[in-house]
Peer 1: 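Pasting a structure below so you can have a look.
Note that the structure is a prediction, hence the values are computed from the model and not measured.
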Amino acid sequence: IRVDVDKKNVALGEQITATYKLYTRLGMQVNLTKLPSLIGFWSQDFKIPQPPSPTKEILNGKEYNVFVLKKSALFPTQTGTLTLDPAEAEGTVTVLNSKKVKQTDPFGGFFGNAFGDQYATTYEQEEVPVKLKSTAININVSDLPKANKPATFDGAVGSYTIESNIDKTELTTDDNATITFRVSGSGNLKLIGTPVIKFPEDLDTYDPEVHDTITNTNNIIAGYKTFSYSVSPRIPGSFTIPATEFSFYEPGSNSYKTLSTPSYTLHVKPGKNGGSVSKGSLPKDIHDIHARPAEIKQTQDYSLHKNTLYWSGFALPF
């Protein structure tokens with residue numbers, strides 16, 4: 001059993017494809033019992049045919065049937081030398097054992113032992129248990145370049161495009177608008193963080209809803225990740241949501257790329273439920289602390305020892 005990787009020297013976040021292969025020249029039934037530990041990696045499995053179909057490979061001058069047991073995309077999340085521990089498998093192999101069987105004398109011993117003892121070779125199938133183990137593999141992970149790193153870079157590595165849209169730009173203070181930001185491409189999609197959109201103060205926003213769709217075919221992890229922001233205006237007026245930048249490192253060109261979305265202008269009218277407060281008198285969530293001391297006055301005496309009903313209660317048991 002072998003674990004093949006397509007590259008052993010990568011940048012932080014760059015994809016590595018690891019393939020777990022079984023090489024055999026005999027009939028076998030094998031299951032993986034232990035996979036390499038993936039400390040320092042985020043992984044995504046590829047789909048493989050079930051049952052797997054064999055291919056032919058020459059290894060050390062001998063031809064083998066090769067079965068792919070597992071195939072994964074690995075994305076290193078830390079720098080340094082990362083080790084893929086050995087993969088282990090157990091199963092059975094079918095072997096043919098030869099056996100010589102003494103033949104009986106067809107003449108019933110009439111000629112004695114003149115012809116000598118006669119033997120025939122037979123073969124018997126036997127299922128033999130086997131344990132297989134691959135060798136460990138070291139992956140050297142280098143840090144991303146410091147030079148020309150954009151301020152908006154948040155760890156995205158791969159090749160991407162972006163798009164955004166807004167469902168409405170004309171609304172009232174009773175409405176909500178939804179801005180959708182989508183990142184598409186191939187790379188460490190799962191590790192992409194939430195883009196920072198600088199909304200105006202007078203727009204209430206909430207944590208975005210995040211959805212991703214990832215495909216795993218043709219040795220590439222690709223798809224898209226969508227962030228949906230809900231925006232609610234507090235007051236009427238015109239508000240500009242500035243362009244949002246998205247930066248990523250592209251291993252193919254060994255460089256950083258920065259993409260930008262368009263800006264949007266919201267035109268807000270007063271709604272039925274108000275929203276006509278001017279911007280200068282808009283109340284804030286946290287009010288200023290009053291500097292003038294508050295006066296506390298006693299409006300009623302609640303002292304029990306001066307209360308007639310309190311002392312009368314002691315007479316009730318009697």
Peer 1: To the nearest 0.5 angstrom, please state how far the OG atom of S184 sits from the OH atom of Y160.
Peer 2: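 Spacing of OG (S184) from OH (Y160) equals 10.5 Å.
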Peer 1: Counting N and O atoms only, with roles assigned by atom type, does the side chain of T92 sit under 3.5 Å from a partner on the main chain of E127, one being a donor and the other an acceptor?
Peer 2: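 Here the side-chain-to-backbone pair does not exist.
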Peer 1: Does the side chain of V66 come within less than 4.5 Å of L59's, by heavy atoms?
Peer 2: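 L59 vs V66: side chains apart.
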Peer 1: Side chains of P76 and I139: does their closest heavy-atom pair fall under 4.5 Å?
Peer 2: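 They are not in side-chain contact.
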Peer 1: For N138 and T81, test the side chains for any donor-to-acceptor distance below 3.5 angstrom and give the result as yes or no.
Peer 2: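 Result is no, nothing qualifies.
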Peer 1: So for atom NZ, which belongs to K149, do other residues, nucleotides or ligands contribute more than 12 heavy atoms lying within a distance under 6.0 Å?
Peer 2: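 Yes, NZ of K149 has more than 12 neighbouring heavy atoms, counting only those of other groups under 6.0 Å.
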Peer 1: Y20: what forms a ring pair (Phe, Tyr, Trp, His ring centres under 6.0 Å) with it, not counting sequence neighbours?
Peer 2: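 In terms of ring pair (Phe, Tyr, Trp, His ring centres under 6.0 Å), with neighbours along the sequence ignored, Y20 is linked to no residue.
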Peer 1: Looking at T33 and E88, would you say the former's side chain and the latter's main chain have a donor-acceptor pair under 3.5 Å?
Peer 2: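 At least one qualifying donor-acceptor pair exists.
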Peer 1: Donor-acceptor pair, distance only, cut-off 3.5 Å: does the side chain of S263 make one with the backbone of I241?
Peer 2: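 Flag not set: sc S263 to bb I241 has no pair under 3.5 Å.
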Peer 1: Do T261 side-chain atoms and T244 backbone N/O form a donor-acceptor pair below 3.5 Å?
Peer 2: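 Yes, T261 side chain to T244 backbone: donor-acceptor pair under 3.5 Å.
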Peer 1: If only atom types and distance count, is the side chain of N176 paired as donor or acceptor with the main-chain N or O of S230 below 3.5 Å?
Peer 2: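 No: the side chain of N176 does not pair with the backbone of S230.
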Peer 1: Is the shortest side-chain heavy-atom distance between Y249 and L12 below 4.5 Å?
Peer 2: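 In short, these two side chains do not touch, never coming nearer than 4.5 Å.
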Peer 1: May I ask you to test the Y229-T205 pair for a side-chain heavy-atom distance under 4.5 Å?
Peer 2: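 No, side chains not in contact.
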Peer 1: Are the side chain of N140 and the backbone of N9 linked by a donor-acceptor contact shorter than 3.5 Å?
Peer 2: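 Answer holds: no.
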Peer 1: Does any part of the side chain of V196, heavy atoms only, come nearer than 4.5 Å to the side chain of D154, both counted from C-beta?
Peer 2: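 They are not in side-chain contact.
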Peer 1: Is the F314 to Y310 ring centre distance short of 6.0 Å?
Peer 2: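 Close enough - the centres of the two rings lie under 6.0 Å apart.
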Peer 1: Quick one about S228 and T178 (side-chain donor to acceptor, distance below 3.5 Å, no hydrogens or angles considered), yes or no?
Peer 2: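 Note: T178 and S228 side chains miss the donor-acceptor criterion.
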Peer 1: Would you say the side-chain atoms of D6 pair up with the backbone N or O of Q15, donor to acceptor, closer than 3.5 Å?
Peer 2: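 Between the backbone of Q15 and the side chain of D6 there is no qualifying donor-acceptor contact (under 3.5 Å).
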Peer 1: Any chance CG of N97 has more than 12 other-residue heavy atoms, nucleotides or ligands included, within less than 6.0 Å?
Peer 2: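 Yes, enclosed.
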Peer 1: Within the supplied structure, the quantity of interest is the number of heavy atoms (other residues, nucleotides, ligands) at a distance under 6.0 Å from N148 CG; does it exceed 12?
Peer 2: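 Not more than 12 within 6.0 Å, no.
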Peer 1: I'd like to check L22 versus L132 (side-chain heavy atoms, cut-off strictly below 4.5 Å). Are they in contact?
Peer 2: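 Yes - at least one pair of side-chain heavy atoms lies under 4.5 Å apart.
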Peer 1: Closer than 3.5 angstrom, by distance alone: can the side chain of Y256 be matched with the main-chain N or O of P145 as a donor-acceptor pair?
Peer 2: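 Confirmed, Y256 side chain pairs with P145 backbone.
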Peer 1: Within the 4.5 Å heavy-atom criterion, are I192 and D212 side-chain neighbours or not?
Peer 2: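 They are not in contact (no side-chain heavy atoms under 4.5 Å apart), so the answer is no.
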Peer 1: Taking atom NZ of K168 as the centre, report whether more than 12 heavy atoms of other residues, nucleotides or ligands fall under 6.0 Å from it.
Peer 2: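 Correct, the count exceeds 12.
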Peer 1: Should we say atom CD of E170 is surrounded by more than 12 heavy atoms from elsewhere, each under 6.0 Å from it?
Peer 2: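 Atom CD in E170 is packed in, count exceeds 12.
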Peer 1: Heavy-atom count around Q29 CD within 6.0 Å, excluding the residue itself: above 12?
Peer 2: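 Counting neighbours around CD of Q29, 12 or fewer heavy atoms of other residues, nucleotides or ligands fall under 6.0 Å, so no.
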Peer 1: Just by modelled atom types, is the K269 backbone N or O under 3.5 Å from a matching donor or acceptor in the T172 side chain?
Peer 2: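 Side chain of T172 to backbone of K269: no pair is present.
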Peer 1: Report, as yes or no, whether the 6.0 Å neighbourhood of atom NZ on K7 holds more than 12 heavy atoms from other residues, nucleotides or ligands.
Peer 2: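 More than 12 heavy atoms, drawn from other residues, nucleotides or ligands, come within 6.0 Å of this atom.
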Peer 1: Given S134 and R2, is the side-chain contact (heavy atoms from CB on, under 4.5 Å) satisfied, shown in steps?
Peer 2: CA-CA 5 Å; S134 68; R2 296 180 62 186; 5.5 Å; no
Peer 1: Does the side chain of R182 come under 3.5 Å of the side chain of T226 through a donor N or O and an acceptor N or O?
Peer 2: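 Yes, T226 and R182 have a side-chain donor paired with an acceptor closer than 3.5 Å.
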Peer 1: Got a sec, which residues hit ring pair (Phe, Tyr, Trp, His ring centres under 6.0 Å) with Y206, two or more places apart in sequence or on another chain?
Peer 2: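 By the ring pair (Phe, Tyr, Trp, His ring centres under 6.0 Å) rule, Y206 matches no residue at all.
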Peer 1: Please tell me if the side chains of L84 and L74 come closer than 4.5 Å, counting only heavy atoms from C-beta onward.
Peer 2: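 Contact flag for L84/L74 side chains = yes.
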Peer 1: Donor-acceptor pair, distance only, cut-off 3.5 Å: does the side chain of T240 make one with the backbone of P242?
Peer 2: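 Not at all, since once roles are kept as given, no pair shorter than 3.5 Å links the two residues.
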Peer 1: Test: salt bridge (charged side-chain N to carboxylate O under 4.0 Å, His left out). Region: residues 37-64. Which pairs qualify, not counting sequence neighbours?
Peer 2: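 Non-adjacent pairs meeting salt bridge (charged side-chain N to carboxylate O under 4.0 Å, His left out): K21-E57, D45-K70.
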